[in-house]
Every structure is written in structure tokens, then in C-alpha cells.
Amino acid sequence: MRPIEIHEFSTGIIPERTDDGGWISRGFTGQYMNVTCEIPPEVERSIANKEFAVAEGAFSDRPTLIGREISGHSGVWSVIAVVTRGKDEKGRSASLYRYFLTQAPKGLESILAWIKKEARSGRSTTFDPFAHKELHHPNRSIEEPQPISSMSPGSLFSSTPWITEPEQDYEPESINLFARSKARENQELTAWAFNVEALEKPRRFQVIHPASDLAIRRIKQALTSAPIAATTSLIDEQAIKSAIKSLINASQVKPDAVQVLESSLSSVETVFKENESETFWHEIFDGQGAINAQKQQIYSPQMIRLMTLRAVMLPATVSDYLKWLQPDSGKKANEPCETAVSFQSQIARSVRPNSRLEAELKHGINQTLESVFHKSVSVESATWLLDSSNGLWSTVMPQMVGALHQFLASVRSTPATEKSVYPFKGRTWQHIESRLRMPVPATSKGDPKFLAIAELFLNLKDPAIAACFYQAARGLVPPDVYAEARGTIAFKNGSVFGIPLRREKSAVDRFLDFIGHPLTIGMMFALCLVAIGAIAFRYFETSRNQAEEAQRTRRSQVQPSPDPPITGLLEDTSLPETSPTSEDFQETRRVLQSIVQEVSKDPKIVSVIKTSVSPDPVQVKETVIEALESSLLDRDISERERKALNYQGIIAKNPSPGFPEAESQRKRWIALIHSYQLRSPQLKPAGFIKEGRETSNKLKEDVRKRIMEMSPQNQTPAPESNLQSTPPAILDMPSQSNNKPN
Amino acid sequence: MFNQLRKQLIPNLVEPEATQSNAVIRVIGDRASGKTTYMASLARWPSANPTSPVQSVSAVNEESEELIRKAQNVLEQGLELEPSDLSANAEMVKDYSLTITLKSQFSIRNPRANLTGAPVKLNISCKDYAGEFFSDLVHQSGNTKLTSYLEDCQQATGILILVDGSTRKDAEYAIAIEKFLRALDKSGQTELQRIALVLTKCEQPDLWDKRHQPKRLANARYSQVCSKLQMWQSSNPVRVDFFTTSAFGMVGNPFPEANSKQLSRSRGGVTSVLKDPKHWRPFGLVAPIYWLCTGERHQQLDED
Amino acid sequence: MGNIRIIGQPGVGKTTYLAALAYWPDKKRTGKKVKNIKLQPLNDETRELAEKAENIILGGASLEPTRVEGGIDALPLYSFGLKVKPLFQPAELINLAVRDYPGEIFAALAEGKLSAIQQEFLDECLVKDVDGCLILLSDWDEGDDKRTSKALERFIELMNRNDRLTDLRLAIAISKCERGELWPGRLDPATDLFKQYWRQTKAVLEDSDIPAKNLRLYAVSTFGVLGATDPRPNRVDEGKNSVLREPKKWRPYKLLEPLYWLSKGKGMGYV
């Protein structure tokens, strides 16, 4: 028989001979020693994934054997590790490994046979730092390996891994055979452990032969708490962890690490079912602390990077990411957010177009939109994620917006019966679509879910999408949004993406509407009629006055007024707190009389009145009186109001006693003067006027101005003066309709 | 009491958000200087003193949870931890993430540390290098492993140098530390802010008595190391300070004695195991972490 | 505070001195209460020593000499908790960490030939955090004074070299002052004992640059005398070694005072 080559390598230590011929370790070297071949990378990965590792803290005196087949680029390697305990100079003990490996067929059997032969000839196959092995000088064995036969030692055998009873005195060869038959059954590579106290990855074996009863307990406990990743050796879990660690710990992102994660996304998917692969990733990230960072609110840079990475790899966690990071907290300097953005921008550089990672980012955006829709994430947070100028998700946002445009455009153009192709999956989008299909009645409040999306896209400066969602939310689009949407390509004939929009009325609109409303027009018409009537009446009155001038004396005044009592004049005025005495009122009369007298003697005034009102000299004084009354009222006085005031009866003459209206008319004057004084802060609101005081001076001036304004040369706005508050007189405009709102 | 008073003075005082301080730490030191035991005891945080300013220590990632298991399965069983394997590459070294929450307390003795009355959270991620890294500094230089570790050190904001307080290796350690510092200079590190020299195993009777004078004790035991560090500090923006710790602590009243059973004593220090796991109360573990995170010494932690 | 080393010629009773401390004759053992002082061993090594004290000192046998082999690390480090309540003063708690060196070290010091391993002991003795050093003397012939003064000269030189000249306390104690010749002089050892028997030694100390405040002379007795009215030593000589004569009457004399002073730098006061 041709000899087969059995290579080997051992844990690297610095050995030191002891006086009793043994040895102690003076520390690890970090490299393998007694190496006879280049260690195959797949074997190295298997060791790194702790598939040979016995757990710390427990150990038996007899060596532990771990056997497994490892497949790689260069075929299948059969490896057996012999694990023993060594001491260092401090008296601490450590597990030391001596690995044997071969590529021969029936490799595990061959190695076992060779180990047995070595033992027979007194040569140790346990860890020996002084064994002196050289590169390319493997052990050679001509031992005939045990034939492989199917074995099934009992009913418990069906569970994987099968844990034997320690009191059953099995040989390693038998354990190997059991494992082989189970492996063939499960279509796996053989893996077994012999005489172990504890294992790091017990799930990765078909058969485990424990060293003690305590060992059974330990292994069974490890099996129940084993994460899903522990079930398979097809995924290089350690490489994924290293990549994550390297990304979260360094301030500079290594593109290689991003690539490792990206490629493992698909390899994990091929190994696990869908929900299992999600569990796998959760276990990986929680193992690095994601769950604790979230629960305990830990915001160290490492945890911020880890959570960001998790949100990339597990798009379903994007909303948790945003809720944890709180970009909407309103804090001025949100350090965690800054760290997150700078990490995102670094990752963004490693995301290739149309890559798997890009797809995950799109999923993440979809998740974010759904979370905003369901109000589990605030609009501000989503805006931060999708709009950061240096962000990661924002890099694929243009594509997503494009897809969303397409989606919206398809809503009305495809019949409801036809199944549309969603760029976004899930029931949320079906719900959105059906809402967009139907006309929405206008309401003032609207659906908060659709409003949230609308606000988000308004923040993201896409008024077309925002308009669509406003329309869907409340059947109305705010005018400013409408105006902006109007400028987009999607806008056509009052619709965006074929979805008809209804523009919400602005305040100006509402006013114009009001003006244009038939009722308003009717009312206006009626008012006009009243106005015309009033003018006609006035004209009639004037002509009658002129005709009956002679008789227009006391008698007519004595006659009770046919009009209803004037209340309007008093409505917005009020009497001063202390009513003036009759002496005060007498003085007021004199002052008013003298003002009228003085003004009507002013040649300038006279000429203005003569040119603009009437050349009749009688009209001069009358006009001045009217101007006086208007000045006090702060607007043009109507004929009716003049009557109610009755200047001639109350001011020009002292009313005769017994005159029934005198008291109420006097009160009107007092109120009028009081309101005039109230309008000007510099005047004392006393309700009467004293000779030579401010009120008299100001009033005189006001009267004069009022008349001067009537002159055609003086139609321009009044010169700057304390009169500025006086609104320009609208002559003959019925006061009732003038100040009515809307 | 002050908290209460404050609450009365400021009605509707909302419990303020915890202020968080972070540090990326590398623990270096000779083999068997107690690095993993320090980390495991910190993560386990056993039978804390009710008056201690530390409210809780919690493991954040799976590696630190494993650390707690080690403390339970090994240290609390009165066994020794295995020596940490030397990884060929610093990226493979276990990175322990822990969060230490300090009670929100307003203290006159320590007003600056807790001015806001908010609880303080110390978030650390901490790599515990195998002791071979440190001992190799003495004997070797320029191999790829060392380069990888030194590169990894550049991420650190703080370095804990752990030395067994009872060794007589001042001269060797001074060489190692000098080489280490020189390598740091050469690497152009920018993150590093503080280096703490921590004397471990201070439950030893000749160390315990002087635990409250860490600087004096360090200078007495490691005068060359201290002078190297102090010289380096004078030409660097990085601060250096000194601490004393005991992972096992003391037990008993009124004469507390070391809660450890000594296994061996040599020039390289003592090795011991925990004696009474029920009364396991470590001393001074958080004080250097607090300083590495905040740059300020916490008086109560120093005394705890 | 209480990090102390004990040196002295071989057989001077260093370990016995510590054993007496470890087996502090308190109420439990002698039936009499030792007022205001409580001394307790704090680690296994000290408890083992206390056990030896019980079995060997009280049993009338003697302790084996402390060995140099194995180096400094093979030496036990004794740890005591001491509670002292001086009159009119609050109680004090003091930790004492004490190590006694093999007598050969002192002998080698006197001869001026130190092996590497012996040098290591002395280096450890002069580390900065050692607070004080107790030097025990026993014989009082002229040769001993000469040897002791030589050793001290070298020791002081080493102190100087290690920069400990001004911050290491030295207590020189005559350890077996229960002997009839010495007992009367115990009350003023500096004048009555040192001036007479250790003249050269005293001169070396006085000529050195050690500040006076860091230097004290004591007379102590591990075995004590049989009683206040019976000044016969409570000991029996067996060749070079001594054993306790009447264990029931074991009252050591001034054992704690030098240690207290070495660790605190002040006298213990009246207790």
C-alpha cells in the first residue's frame, strides 16, 4: 500500500524544559508551531469559527479528540485535533491543540489508525512542543484504515447531535463510524467529538462523546442556548463578525469589510429560510450589542456605527434606528446624529450601483416611508434620514423618487382590475393605491397618515408627490403646494400623475369668492339700490329745503323726527366717565361757534367752498358746520346724522327750555366730542371743549384741513400731519356697507 | 438629601438624561498581570457596596457576556482564568463593550463630576491584549504581529497599562513601555488622550495599605516606569495618571483581609484565586475607567 | 504606613518575634485581657505562623531558621491588623505588612560580601514603599558590636544609594532584654544598654546622616519575665535557641512599640 501523508501543526508556545523532563509554556507565540504544511485556509477558517474549540473552565486528564471533514477549494480535508492541557510558568493551564490533517480518502479513519499505531510504538500524538516537525516533512502512514460501515446504536441516535452516555466505553473509531453514518444520512460532512468536557459549537457535530456526566449537562445547556448561526458551518460567521467589528471600531471604513458583509447577505439567504436569515442577522448584531444599545440608550460611536450598519443590513430595523437616534429631538448639537452621518457617508462610498446593498437601502427607504405612514416615525426623523446631504439612504433617494413617480403615474392610468406592478411591496402601498384611485371629498382635517407622507415629500422638495398625498389626505391641496406642483412636469391640466388636484382656497381667494358669490352680488345690488334711494332722497330733501327755507325754522325742528332714534352715532362712542356740567357745555358751545365763525371768515376757506361746493354764500357757513361735525365724527357725516345732532338747535342757539330732544342731542354732542378726544392721545377725553385748549385748536385745524381737501388742487393725500390716521373721506358712501367685512 | 433639596427648589424637575462619556480602551500588561481578571471582575461587578457611586455595570456585546460567564464559571469557583490566546492579528482580539452607570448624586465632595445631578454613563469598548504583546515589546521589535497591534492601538482614546503591584520587574517594564511609547509617537496617533498606569492585585498586604496613594506607590514600586511615562507626558498632549486596584478585594471586619488565596509568588508577581466568592467586592476597578472616559478623577470611586 | 522589614543576625529571634505577634497573648489564650490592643493575623501565612507559635514556642520547641534559598519570593509576607486604643484618644486601625529576612543577609552585610540573591533581598528592603526597618540585636559581646556596626555602616550606605537615607525609619531593638543583665536597663535602653554594650553601633548611627526623628532605640522581650514581681526570664536556653519556660505566664514586653513607631512615626502612647 502506498503510504498516505498526514500533516500536522500545533498551538504555538514558547516552551521551557523543566527539571523533571517535562515542559512549561512561557507564553503563546500567536503562530502555529511544528508545522509540516501550509495550513489550508478553509481549515484555518474552521478553527477561527471555533469548530474545534473546547470551552474554557473544564478539562479532563485524558486527551480530547475532535474529528471533522472540511471541504474547500482543494478538496476535502480530514482533520483530527488532539487537545490536552498545558501549564505556564505561573501555574495557569491552557488548552493546547495538535492538529493532524490529510487529504487521503477515508482520512479520519487513516489518521485514527496512524494515531493508534504511534501509541503502540510508544510515540505520543498529544501536544509536544519539542516534537520537532519540519515543513514539507509530513508523517507517513501505511496503516490500513478501518472499513466504513453503517452503524446505528440505538433510538436516541436519531437526534442530532447525538450525545452518547459517558459510561458507554466507546473507542474513537466507533464514534467516528456513528458520525459517518449520521453524516451520510443528513448529507453533511462528518464531525465528531470524543471525550469532551465542553464545546464552543456543539451544534456543529453529529456525535459527541462527553467525558463526564457534568459534561453532558454543559453540552446540553450549550445546545439549548445555541444561536441559529451555530447550526451551520456553511457560513463564515467569524468573518462576518470581524467585518462588523472592523467597521464599528475604526473611524475609517475599510471597503473590504463592506464587501464581506454584502456578499454574506446572499450567502446567508441561500443557507437559511427567509425568517431564519433575519434571525441570523439579528443574532449577529445583538451579539455585538445592538439590542443593548437600543434598550439602554448607549450612544458611543461604536454603537452608533453598529446601529447604522444594522439599519443597512436589516432594513426592518430602520424605524428602530430612527427612534433610537432621535434626529427629531430638536437638540441643536446632536452628536450621535453627526457621528451617524459621517459613518453613513463613508459607507456610501462603498455602495456600488445596482448592488445588493443598494437594494437593501431601497428596502430601508420603503420601510421608512411605511413607518412615517403609520406614524411610528416622525416626519422630521425621516427627513433627516432621506435628505441628509452626506447620508447613505439619501444617495438612492433619487431612484426611489423616480420609482414613486412611476407608481403614482400608473395608479390612474391602469384600471383597478389590472394588477399593477408595485415598486413598493406591502399592504400599505395597496392601501395607498386604492385611496389614490378614488376621489376624496374635501375636508379640513384629513387623514394624518397621508398628510405625514405629504409633509415628508414637501420637506424633500418634491411638490408633485406632496400634492398627490395632500389630495389623498383631505381632497384639497394647499395653495402654495399647488403652486409649486404646478411648476413640475407631472402637472398637466390640474392633475399630477393623472390624479386630479383640488386647490385649497387661500385668504385672497376666499375674499374674491365672496365677492363673486351670487348672494353677495344680490346683496350688493340691494345695497346699491338703497344707496341710490338715499341719494335721491337727499336730492329731494335739498330741493325741498331750498324751497321751504323760510319755514325751515324751529317748527320743523320741533317736529319729532320721523326717523327711528339715532343709535348709530352713539354706538361706538361712549360718554366720558364724569359728565360735563352745564357750564362746561355752554363753553363748548361758544368754542364751537367761534370755530365755525373763524373758519368761515377765512378767505381761503371761503374761496374753496365757493369753487367746490356752491357759490352760494349761505352754503359757506353750512359747509363749515358740516366739516366740523365730520371732523368730530372722523368721517363724512350723513344728512340723517346731522339732523340727529341738530347744530342749529343745540349749538348755534341755546335751546329753549322744554325742548324735548335737547337733552339727548346734547348728550350726542358730548359723546361725539369725547370720542374725538379719545382718538387723539394728546387730548384729554373730557367730553367738552375749553377755550384756547388743545381740543379747540386741533378741531379748528381739522375743520380747516377737511375743507381744504375738498379743493381740486388738493385731492392728493393729505400732507404729513397728525391727521394721518384719518382715512380719506369717501363721500356719500353709505357707512353701513362700508365697514362690513366680507 | 441634596437631591431632595434640589427637587424642592426646582419644582417639576425632570430626571435629566444621562450624560454619556465614551472611551476606546486597550488593556496592555505583562502576562498574568491580571488583565482578563480585571475585565471579568468589572463585567461581573459582584456584591457591590450599596454606598458605591456605581449603579450598575452591564455587558453590551456577546464577548462581554462571555466575560461574565468566565467570572462565574472560573473565578467564582476559585479557579484561575486561562491565559488569553495571542491572536496573530489585533483585529481578532476580543473587544469587550461595557456600560457603567454611575448613580445620579449630587455630592459636595465631588461637585464637578456630577454638577448636573444627571446619572453618568461610561460606555467603553475595551480590548484585552494577550500579555505576550507586552512581553514581546521587551524582547522583539518590528514583527508583523506587533505592527498590527500597534496599528490597532491607534483607535484607542485611552490605554490601561496593568502591572502586578508585587513584581520586581521595573526595569524590564520600563523598557517595554518606552518601546511602546516610542511606537505610539511614530504611529502618529491622534485619538489617544490618556494613559492610566494601574497597579493590580492590591489586596496584597504590602500594597493594600497604600492604595489611597496610587502615585506614591507606583513611584515607589515602578520608579523607572513612572519616570518614562512622566517624561513622555511632558512632551505629549496625552495625560498620564496612576491607580490602584484589586479584582478580588478584601473581606472581613474590622480587620479586612485579602479575599484571595495565594498560589505562587515570584519575581513576576503573585498568582492567586478568589477565596470567598460570596463576599467578592473588587476595589478601584471603575476609577481608572472613569478617568479615561472623562479626564477627571472621581474621588468616591478612588476610595471605593 | 505599615510596610516593615526585620533584619538581624542569625538566631536573633526575628521569626520568633513575629510568631509572638501572630500568637498575640490575648484573653482567649492567657485568661487575662490585654487592654486596648487587638492584634489579628490577616493572611494564611500569618495564621500558619500563629499555629507554629502555639505548637512550637509554647510546646517548648524552637522555630527553624528562615532560608535564603528560593529567593525573596519564597519568604512569607506576614499581615496583621492592629487596633490600638490609646488612653484619651480614639482607636486606630493599622495594617502591618511585615517580612523577616534570613539572618545570613545581615551576616553577609557585616562581612561585606553579598551574593546576587542576597542583594535582591536588600533591594526589596529598600524599595520606596517600605516604611521602616526593624533591626534586632541580641548578643552583647564586643565582637557582636563590631559586626553589627559594620553591617549597619553598609546598610546605611545602601540606604543612601537607594535614596532612602532620609525617608526610611530605623528601629534598633535589643530583642532578648528579659536577660537578667539587660532587664534593669530596659527603661532607658539608649543610655543604659547601647552606651554600655553597643557603643560602636550607637556611634555609627549617630554619625550617619539619618535624621534623628527617623531613628529609635528599643529594648524588647519576646518571652518576657515570669511576673511583675518575679524578674526571672520566662525562657530556657537550649544551645543557641531559646524556648518559653512557662507558657501560662507569657507576657512579651514592648513587642508592638517599635512596629507602631515604624509605621506611624510616633509613639504609641499609653495603652
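The chains referred to below are lettered A, B, ... by the order of the sequence lines, with proteins before strands, and numbering in each begins at 1.
Contacts of B:Glu65 with chain A are made by side-chain atoms alone, with heavy-atom separations under 4.5 Å and no backbone atom involved. Contact of B:Asn61 with chain A is made through backbone and side chain together, with heavy-atom distances under 4.5 Å. Heavy atoms closer than 4.5 Å to chain A are found in both the backbone and the side chain of B:Ala32. At a 4.5 Å heavy-atom cutoff, B:Ile124 makes no contact with chain A through either its backbone or its side chain. With a 4.5 angstrom heavy-atom cutoff, B:Ala59 touches chain A only via backbone atoms. At a 4.5 Å heavy-atom cutoff, the contact between B:Ser58 and chain A is made by side-chain atoms alone. In this structure, no portion of B:Val273 lies under 4.5 Å from any heavy atom of chain A.
A:Asn249 has its side chain out of reach of B:Val24: every pair of non-hydrogen atoms, C-beta onward, lies at least 4.5 Å apart.
Between the B:Lys121 side chain and the A:Gln297 main chain, a donor and an acceptor come within less than 3.5 Å of each other. With B:Glu82 contributing its side chain and A:Ala94 its backbone, the two residues share no donor-acceptor pair below 3.5 Å. Not one N or O on the side chain of B:Glu132 forms a donor-acceptor pair closer than 3.5 Å with the backbone of A:Thr29. With hydrogens and angles ignored, the 3.5 Å screen pairs no side-chain donor or acceptor of A:Lys90 with any backbone N or O of B:Pro83.
Between chain A and the residues B:Asp95, B:Thr271, B:Asp85, the largest count of heavy-atom pairs under 4.5 Å involves B:Asp85. Interface remark: of the candidates A:Asn292, A:Asp88, A:Leu306, A:Asn292 forms the most heavy-atom pairs closer than 4.5 Å to chain B. Considering only heavy-atom pairs separated by less than 4.5 Å from chain A, the leading option among B:Lys70, B:Arg69, B:Met92 is B:Lys70. Ranked by heavy-atom pairs under 4.5 Å with chain B, the first of A:Ala290, A:Pro301, A:Ser242, A:Ala48 is A:Pro301.
Under the salt bridge (Lys or Arg N to Asp or Glu O under 4.0 Å) criterion, B:Asp164 pairs with B:Lys201, sequence neighbours left out. When the salt bridge (Lys or Arg N to Asp or Glu O under 4.0 Å) test is applied to B:Glu151, no partner is found at least two apart in sequence or on another chain.
Using a cutoff of 4.0 Å between basic side-chain nitrogens and carboxylate oxygens, B:Glu63 and A:Lys245 are scored as salt-bridged. With salt bridges taken as basic N to acidic carboxylate O contacts below 4.0 Å, none links A:Lys241 and B:Glu91. Salt bridge present: A:Glu89 and B:Arg31 bring a charged side-chain N and a carboxylate O closer than 4.0 Å.
In terms of heavy atoms, A:Ser300 sits closest to B:Gln20 at N-OE1, 4.5 Å. Heavy-atom minimum distance, A:Tyr299 versus B:Asn22: O-ND2, 3.8 Å. Scanning all heavy atoms of the two residues, the minimum distance from A:Gln296 to B:Thr99 falls at OE1-CB, 4.2 Å.
Within a 6.0 Å sphere centred on CD of A:Gln221, other residues, nucleotides and ligands contribute 12 heavy atoms or fewer. Within 6.0 Å of NZ in A:Lys254 there are 12 or fewer heavy atoms belonging to other residues, nucleotides or ligands. No more than 12 heavy atoms of other residues, nucleotides or ligands shown are found within 6.0 angstrom of CG on A:Asp19.
Rounded to the nearest 0.5 Å, atoms CZ (A:Phe28) and OG (B:Ser87) are 10.0 Å apart. Taken to the nearest 0.5 Å, the OG atom of B:Ser97 stands 4.0 Å off from the CE atom of A:Met303. Here the straight-line distance linking atom CG of B:Leu79 with atom OG of A:Ser93 works out to 8.5 Å at 0.5 Å rounding.
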